[in-house]
Amino acid sequence: MAIERTFSMIKPDATQRNLTGKITAKLEEAGLRVVASKRVWMSRQQAEGFYAVHKDRPFFGELVETMTAGPTVVQVLEGEGAILKNREVMGATNPANADAGTIRKEFALSIGENSVHGSDAPETAAQEIAYWFSGIELVG
Ligand code: RTP
Ligand code: MG
């Protein structure tokens, strides 16, 4: 399988509970390498832009509120099949449906406060990485 890069975000519910290290350790244990990382308290405008694909969904307002409620850690992860692997380690969007051992099963509070984000396809991974990082910030 090819080496890929994917975009990952540790959401405010998790940074506020001081889970950045524990979540990053789970990503690393799965074979993903952190090639870029920074802490960002996103503005409403940044959150609305990042989640523009969801702008007509009923939960959009709540999503923007949740994502601007505290700092996030934005990361780029690299590894074999990184996009799918990250989604597997994250677990289902709703933690009630997440498999044992996944980040969301272990740490998420609810569907809105579900601790992590991960890109779902190569195209979105490229877009999301470029939204938060410039090329020189990615150190493989
Ligand atoms: P993500 O994009 O954050 O990695 O999560 P995902 O693919 O598993 O979920 P997605 O459908 O893309 O939804 C994005 C985020 O919106 C929040 N959400 N709330 N209240 C609701 O019904 C609802 N549905 C989705 C979640 O925080 C989800 O991660
Ligand atoms: Mg998504």
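It should be emphasised that the depicted structure is a prediction, and the values quoted were computed from it without experimental measurement. As the structure lists them, so they are numbered: ligands from 1, and atoms in each ligand from 1.
- Of all protein heavy atoms, the one closest to atom 13 (O) of ligand 1 is His54 NE2, 3.6 Å.
- Listed for the Arg39 side chain is no donor-acceptor partner under 3.5 Å among the backbone atoms of Val73.
- Using a 4.5 Å heavy-atom threshold, the side chains of Val64 and Arg44 count as touching.
- Nearest protein heavy-atom contact of atom 1 (P) of ligand 1 is His117 ND1, 3.1 Å.
- Among protein heavy atoms, the minimum distance from atom 15 (C) of ligand 1 is reached at Leu63 CD1, 3.9 Å.
- Contacts of Met67 with ligand 1, taken as heavy-atom pairs under 4.0 Å, are absent altogether.
- The shortest N/O to N/O separation between Gly118 and ligand 1 falls below 3.5 Å.
- Take Tyr131 and apply the ring-ring contact (aromatic ring centres under 6.0 Å, His included) test, not counting sequence neighbours, and it matches Phe50.
- Contact between Leu27 and Ser8 at its shortest, heavy atoms only, is CD1-OG, 4.1 Å.
- Near Met90, the atoms of ligand 1 lying under 4.0 angstrom from a non-hydrogen atom of the residue are 4 (O).
- With a heavy-atom cut-off of 4.0 Å, Arg104 touches ligand 1 through its side chain alone.
- Using the six-membered ring where Trp is involved, Phe7 and Trp132 have ring planes that are parallel, under 30° apart on the 30 and 60° scheme.
- With ligand atoms numbered from 1 in the order given, ligand 1 contributes 26 (C), 27 (O), 28 (C), 29 (O) to contacts under 4.0 Å with heavy atoms of Asn114.
- Every N/O-N/O distance between Arg57 and ligand 1 stays at or above 3.5 Å.
- A side chain to side chain contact (heavy atoms under 4.5 Å, CB included) with Thr24 is found for one member of Lys22, Glu28, Lys26 and no other, namely Glu28.
- For the pair Ile111 and ligand 1, the shortest N or O to N or O distance falls below 3.5 Å.
- Distances shorter than 4.0 angstrom do not occur between any heavy atom of Met9 and any atom of ligand 1.
- Within the 4.5 Å cutoff, the side chain of His117 has heavy atoms near those of the Lys11 side chain.
- In Glu113, neither the side chain nor the backbone holds a heavy atom less than 4.0 Å from any atom of ligand 1.
- Annotation for ligand 1: atoms under 4.0 Å from non-hydrogen atoms of Tyr51 are 3 (O).
- At least one N or O atom of Thr93 sits closer than 3.5 Å to an N or O atom of ligand 1.
- Exactly one of Arg33, Lys85, Arg5 qualifies for a salt bridge (Lys or Arg N to Asp or Glu O under 4.0 Å) with Glu78. That residue is Arg5.
- Considering only residues two or more places apart in sequence or on other chains, Glu137 meets the side-chain hydrogen bond (donor to acceptor under 3.5 Å, both in side chains) condition with Lys38, Ser134.
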